[in-house]
Chemist: 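Got a structure here, written out as structure tokens. Questions coming.
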Amino acid sequence: MLAYTYVKPGIFELQNKPKPVLLDSRDAIVRVTLSSICTSDLHIKHGSVPKAVPGITVGHEMVGVVEKIGSSVSSVLPGDRVTVNVETFCGNCFFCRHGWVNNCTDPNGGWALGCRIDGGQAEYVRVPYADQGLNRIPNSVTDEQALFVGDILATGYWAAQISEIKPEDTVLLIGAGPTGICTLQCVLLRSPRQVIVCEKDPRRLQFIRQHYPQILAAEPEHLPEVLRQCCPYGGVDVVLEAAGSQDSFRMAWQYARPNAVVTVVALYDEPQILPLPEMYGKNLIFKTGGVDGCNCAETLRLIENGKIDTTPLITHTYPLRKIAAAYELFENRRDGVIKVAIQTALS
């Protein structure tokens, strides 16, 4: 089968690999129908994910059809259309029982697919702990609608959930990339008083203004004036940082009011510094880490009920055999790209 493979830092390659097989009674084999490229894949390519294993098939954002299941799998059957979770989690360890599935203690727990074990930018993928890692897609929901459920939409839902957003809050979201837009949709589900999005890319800013006219959208240089007009307590009540740069990290704590919640959604290429002397007295609550992606069934219900729609994020579609060109487009942000869908030849 065709599989896009991490050869070494800086090099991905489309290779022919054997079709995966069941290795455990809790595994499932999924025929991938649609996958996508994530910024985290670029982090692997550039060597900023130390846990990534050379030789693995990349990709952790996918939907497909169950082909085979192990004898212990009970939640899905062959022929089911499913989303695939970015995380592998056993469901039984201390962390899983508390809903902290990103820290599952299984050797393949947490972000494994497309990082430490073969992922889904391929024709087939083996999914460990299939009862936890797969969710059936409702008949009325398309592959395109469900594509981001297991990763960036799970991230957005988790980020909004842990940010303690209240109806009277003003919320600042920094970054309107794919993860930022998914986060925005989940923030809006919580009906805060005001949402502000800060983004420096004019095309992404225009996307926000076109699709979410009810919120305020501002470039970084204009953000201080926007905040002065609508934040009487020295900053916003909640900040969600989804841009992942040194500047955006500083903005996150700088524009938060005292005693605000700052949720770091982004993954950074480099360490970030908390300048504690400058921050002293703000009494900020920081929340950060990998997504606990255990609410996929709920986000599928929200999609089915028309509460979430991430299909406008798919701006380009490529066949798997042209995935290198899709990466080049995505990495260089050409042609107004937001997300690229990758179709397999078998779909």
Side-chain angles (χ1 to χ4, degrees), residues 98-100 102-103 152-201 204-205 208-209 212 214-268 270-293 295:
H98 285 81
W100 305 323
N102 181 60
N103 299 107
I152 58 172
L153 188 52
T155 298
Y157 190 92
W158 163 81
Q161 183 180 50
I162 67 172
S163 295
E164 305 177 34
I165 298 168
K166 298 178 288 300
E168 66 269 24
D169 283 345
T170 295
V171 178
L172 169 63
L173 173 65
I174 302 173
T179 302
I181 295 169
C182 287
T183 302
L184 172 61
Q185 290 209 17
C186 296
V187 165
L188 291 173
L189 290 172
R190 296 176 178 270
S191 302
R193 182 180 65 85
Q194 179 69 68
V195 179
I196 304 164
V197 171
C198 180
E199 170 59 53
K200 64 181 180 180
D201 186 319
R204 290 182 172 180
L205 209 57
I208 293 295
R209 287 170 175 154
Y212 307 99
Q214 73 273 38
I215 71 168
L216 294 174
E219 300 88 345
E221 59 268 27
H222 297 144
L223 184 60
E225 179 59 30
V226 171
L227 297 183
R228 275 193 292 271
Q229 293 178 12
C230 60
C231 299
Y233 305 115
V236 298
D237 305 291
V238 178
V239 182
L240 297 102
E241 205 293 86
S245 71
Q246 184 175 345
D247 288 343
S248 59
F249 182 77
R250 182 178 182 86
M251 289 166 63
W253 65 262
Q254 197 169 36
Y255 294 133
R257 64 155 169 80
N259 301 285
V261 173
V262 177
T263 299
V264 178
V265 188
L267 176 65
Y268 299 93
E270 299 174 341
Q272 302 300 311
I273 297 173
L274 283 176
L276 295 177
E278 294 181 58
M279 298 168 62
Y280 185 76
K282 291 200 81 169
N283 295 6
L284 298 174
I285 300 166
F286 273 82
K287 299 194 175 189
T288 183
V291 50
D292 289 314
N295 293 291

Chemist: In this structure, are over 12 heavy atoms from other groups packed under 6.0 Å from Lys200 atom NZ?
Modeler: no
Chemist: Where is the tightest heavy-atom contact between Arg257 and Tyr233, given as atom of each residue plus distance?
Modeler: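 Distance-wise, the nearest heavy atoms are CB-O, 3.4 Å.
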Chemist: Does a side-chain heavy-atom distance below 4.5 Å link Leu223 with Ile174?
Modeler: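 Not touching, per the 4.5 Å side-chain cut-off.
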Chemist: Show your reasoning for whether side chain to side chain contact (heavy atoms under 4.5 Å, CB included) applies to Val187 and Leu173.
Modeler: CA-CA 9 Å; Val187 165; Leu173 173 65; 5.9 Å; no
Chemist: Run the side chain to side chain contact (heavy atoms under 4.5 Å, CB included) test on Leu172 and Cys198 for me, step by step, so that the C-alpha distance in whole Å, both residues' side-chain angles and the decisive distance to 0.1 Å come before the verdict.
Modeler: CA-CA 7 Å; Leu172 169 63; Cys198 180; 4.2 Å; yes
Chemist: Could you tell me whether Glu270 atom CD has more than 12 heavy atoms of other residues or ligands within 6.0 Å of it?
Modeler: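 It does not: Glu270 CD has 12 such atoms or fewer within range.
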Chemist: If you round to the nearest 0.5 Å, how far is CG of Leu184 from CG of Leu189?
Modeler: 9.5 Å
Chemist: For the CD atom of Gln229 and the CG atom of Leu216, what is their distance to the nearest 0.5 Å?
Modeler: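 Separation between the atoms: 9.0 Å.
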Chemist: I need the minimum non-hydrogen distance between Ile196 and Cys230, along with the two atoms involved.
Modeler: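 So the two residues come closest at CD1-SG, 3.6 Å.
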Chemist: What heavy-atom pair brings Ala154 and Gly293 nearest, and what distance separates the two atoms?
Modeler: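 Closest pair (atom of Ala154, atom of Gly293, distance): CB-CA, 4.2 Å.
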Chemist: Which heavy atom of Glu168 sits nearest a heavy atom of Arg193, and at what distance?
Modeler: O-NE, 3.5 Å
Chemist: To the closest 0.5 Å, what do you measure between CG (Leu284) and CH2 (Trp253)?
Modeler: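 Between atom CG of Leu284 and atom CH2 of Trp253 there are 8.5 Å.
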Chemist: Might you confirm whether atom CD of Gln246 has over 12 heavy atoms from other residues, nucleotides or ligands at distances under 6.0 Å?
Modeler: no
Chemist: Looking at every non-hydrogen atom in both residues, tell me the closest pair between Ala176 and Val197 and how far apart they are.
Modeler: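 That closest heavy-atom pairing would be CB-CG1, 4.0 Å.
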Chemist: In the structure I gave you, are the side-chain heavy atoms of Leu153 and Cys186 within less than 4.5 Å of one another anywhere?
Modeler: yes
Chemist: For the CG atom of Leu188 and the OG1 atom of Thr183, what is their distance to the nearest 0.5 Å?
Modeler: 11.0 Å
Chemist: Is any side-chain heavy atom of Ile208 less than 4.5 Å from a side-chain heavy atom of Ile181?
Modeler: yes
Chemist: Tell me whether Lys282 contacts the main-chain N or O of Gln254 through its side chain, where contact means a donor paired with an acceptor under 3.5 Å.
Modeler: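 At least one qualifying donor-acceptor pair exists.
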Chemist: Evaluate the side-chain proximity of Tyr212 to Gln214: yes if any heavy-atom separation is below 4.5 Å, no if none is.
Modeler: yes
Chemist: Report yes if the side chains of Gln272 and Arg250 come closer than 4.5 Å at any heavy-atom pair, otherwise no.
Modeler: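 No; the side chains remain at least 4.5 Å from each other.
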Chemist: May I ask you to test the Ser248-Glu199 pair for a side-chain heavy-atom distance under 4.5 Å?
Modeler: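 Ser248 does not reach Glu199 side chain to side chain.
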Chemist: Examine the side chains of Thr263 and Ser163 and answer whether a donor and an acceptor come within less than 3.5 Å of each other.
Modeler: yes
Chemist: Quick check: closest heavy atoms across Tyr255 and Pro224, and the distance to 0.1 Å?
Modeler: OH-CG, 3.4 Å
Chemist: Do Pro258 and Asn283 have side chains that approach each other closer than 4.5 Å (heavy atoms only, starting at C-beta)?
Modeler: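 Pro258 does not reach Asn283 side chain to side chain.
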Chemist: Tell me whether the rings of Phe249 and Phe286 are parallel (<30°), tilted (30 to 60°) or perpendicular (>60°).
Modeler: tilted
Chemist: Do the side chain of Asn102 and the main chain of Asp292 share a donor and acceptor less than 3.5 angstrom apart?
Modeler: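 No; judged by distance alone, with no hydrogens or angles, the pair does not exist.
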Chemist: Are a donor atom and an acceptor atom from the side chains of His222 and Glu219 found within less than 3.5 Å of each other?
Modeler: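 The criterion, which ignores hydrogens and geometry beyond distance, is satisfied for Glu219 and His222.
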Chemist: Do Asp237 and Lys166 have side chains that approach each other closer than 4.5 Å (heavy atoms only, starting at C-beta)?
Modeler: no
